[in-house]
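Contents: one structure, followed by commentary.
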Amino acid sequence: MLQQTQVATVIPYFERWMALFPDPAALARAPEEKVLRAWAGLGYYARARNLQKAARVLAEGGAWPADTAGWKALPGIGEYTAGAVASLAFGTRAPILDGNVARVFSRLVGLDFLPGDKAEAGRAYWDLAARWADHARPGAVNEALMELGALVCVPAAPRCPACPLSAVCVARRDGRENRLPPLKKRVKAEVVLAAAVRVRDARGRLLVERRGAGAFLAGHEMFPLFLGDEARAETWQAAFHRRFPGLRLKNIRAAGRVRHSIMSKRYDVQVWDGEAAGSGSFPGPIWTREEDVEERLTNSLARKIWKAGNR
DNA sequence: AAAACGGGGCT
DNA sequence: AGCCCAGTTTT
């Protein structure tokens, strides 16, 4: 959960998660829907699926990995997470390098590049991490480096007067603490026009579809969603009838507008309400009772659409 | 080496 | 509203 996500965001999810899945065996046997529901809103859903895969490996093996390599072999566990678990939980002298620690090292040593810039750059950082972890209490040192980055050596306006390393910090000495590390180059977010439809049948149930493999939010249930040219007010109904043959809509009305940022895309979603006038003949219809909708929406965009405007 | 993958924090 | 950021896997 802590990959790419801040502690304060994670805590309530972690509490609920541990109550639902207290050990690898519990997670291993849970249905994926339940896992995704518990993760809904955290994003990067591959993390949840990988965590369950890892739990299945662990539940079958019956023992925790002994070293960094053993942890890294599990799905979803990379160099950073393997080192963090090995050092914090098992006390091995494994290095860690996350975004916080990289920022601390960049400033402390005056490195004006990022670990991911090229292979030698990554090596420079991991070598530093290895030297710091070569300590009688590697877990405490690693934790301290991460805490320093998260609380003191923060990205903007670092709190150098509160920093125990300020006397030996190269960036501080040179007055460059606000210039290091260099910003990551990021692609500008592309705006994507979208339309979402909340269709009710005669019994008040809502039409939901499971997103296919390859689509974004793959495997999640979602209101019918149309993107790009298909999303325009004059075109989405034709696209709807292609996707749901035989299902006629009536009483169509605009219900609200939702914006959602996903990676390098910014979705601008017009939400529509409508009523189903025909039963339809499309494959795999999922008609969901209103009281069940909330718990089946396993991502934030769907929940925003559900809450939009008036129902 | 680059691309894909969500959502939230901060100003 | 715009900018920035607490990894891993796949291509």
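Proteins get letters first, then strands, A, B, ... in listed order; numbering begins at 1 in each. Owing to the predicted nature of the structure, the values given are computational and were not obtained by experimental measurement.
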Sugar-phosphate only, base, or nothing, as touched by T81(A) at under 4.0 Å among non-hydrogen atoms: sugar-phosphate
Separation of atom CE in M263(A) from atom P in dG8(B), rounded to whole Å: 14 Å
Phosphate contact (dG7(B) OP1 or OP2) by Y45(A) side-chain N/O below 4.0 Å: yes
Whole angstrom value for the distance that separates C1' of dC5(B) from CH2 of W39(A): 13 Å
E209(A) side chain reached by I286(A) side chain, heavy atoms, under 4.5 Å: no
Nearest listed nucleotide, side chain of S261(A), among dG7(B), dC5(B), dG9(B): dG7(B)
Touch class at under 4.0 angstrom, heavy-atom based, for D98(A) against every strand present: sugar-phosphate
Closest non-hydrogen atom pair between A157(A) and N178(A), with its separation: N-OD1, 3.6 Å
Span that lies between the P atom of dG8(B) and that of dT9(C), in whole angstrom: 23 Å
5' precedence on DNA chain B between I262(A) and A8(A) (nearest-nucleotide basis): I262(A)
Contact interval (first through last nucleotide) of DNA chain C with protein chain A, 4.0 Å heavy-atom: dG2(C) to dT9(C)
For the student: nearest non-hydrogen atoms of P65(A) and L58(A), plus distance: CD-CD2, 3.7 Å
Enclosure of E60(A) CD (heavy-atom neighbours >12, cutoff 6.0 Å): no
Interatomic distance, R303(A) CZ vs dG8(B) P [rounded to whole Å]: 10 Å
Side-chain N or O of T9(A) closer than 4.0 Å to phosphate OP1/OP2 of dG8(B): no
Spacing of L217(A) atom CG relative to dG7(B) atom P, expressed in whole Å: 6 Å
Touch class at under 4.0 angstrom, heavy-atom based, for R186(A) against every strand present: base
Minimum heavy-atom distance between G110(A) and R176(A), given as atom pair plus value: O-NH2, 4.0 Å
Any H260(A) side-chain N or O less than 4.0 Å from OP1/OP2 of dG6(B): no
Heavy-atom pair of closest approach, residues V197(A) and F223(A): O-CB, 3.6 Å
W132(A) atom CH2, neighbour heavy-atom count above 12 within 6.0 Å: no
Polar contact flag, side-chain donor to acceptor under 3.5 angstrom, E33(A)-T298(A): no
Touch class at under 4.0 angstrom, heavy-atom based, for R49(A) against every strand present: nothing
Sugar-phosphate only, base, or nothing, as touched by T5(A) at under 4.0 Å among non-hydrogen atoms: base
Salt bridge (Lys or Arg N to Asp or Glu O under 4.0 Å) partners of residues 43-56 of chain A, not counting sequence neighbours, each pair once: E32(A)-R49(A)
Value in whole Å for how far the P atom of dG7(B) lies from NZ of K265(A): 15 Å
Sugar-phosphate, base or nothing in reach of V7(A), heavy atoms under 4.0 Å: base
Nearest-Å distance for atom pair CG/P, residues L2(A) and dG7(B): 17 Å
Sugar-phosphate, base or nothing in reach of Y80(A), heavy atoms under 4.0 Å: sugar-phosphate
Strand-adjacent residues in residues 104-131 of chain A, judged by heavy atoms under 4.0 Å from DNA chain B: A119(A)
Test of ring centre spacing under 6.0 Å for F216(A) and Y45(A): no
Sugar-phosphate, base or nothing in reach of G41(A), heavy atoms under 4.0 Å: sugar-phosphate
Whole-Å distance separating the CG atom of L42(A) from the C1' atom of dG6(B): 10 Å
Residue closer to the 5' end of DNA chain C, P75(A) versus P155(A) (nearest nucleotide): P155(A)
Touch class at under 4.0 angstrom, heavy-atom based, for A150(A) against every strand present: base
Taking every non-hydrogen atom, the tightest pair across A38(A) and Y13(A): O-CD2, 3.5 Å
Between dC5(B) (C1') and L36(A) (CG): distance, integer Å: 14 Å
Inter-nucleotide C1' distance (dC4(C), dG6(B)), Å rounded: 15 Å
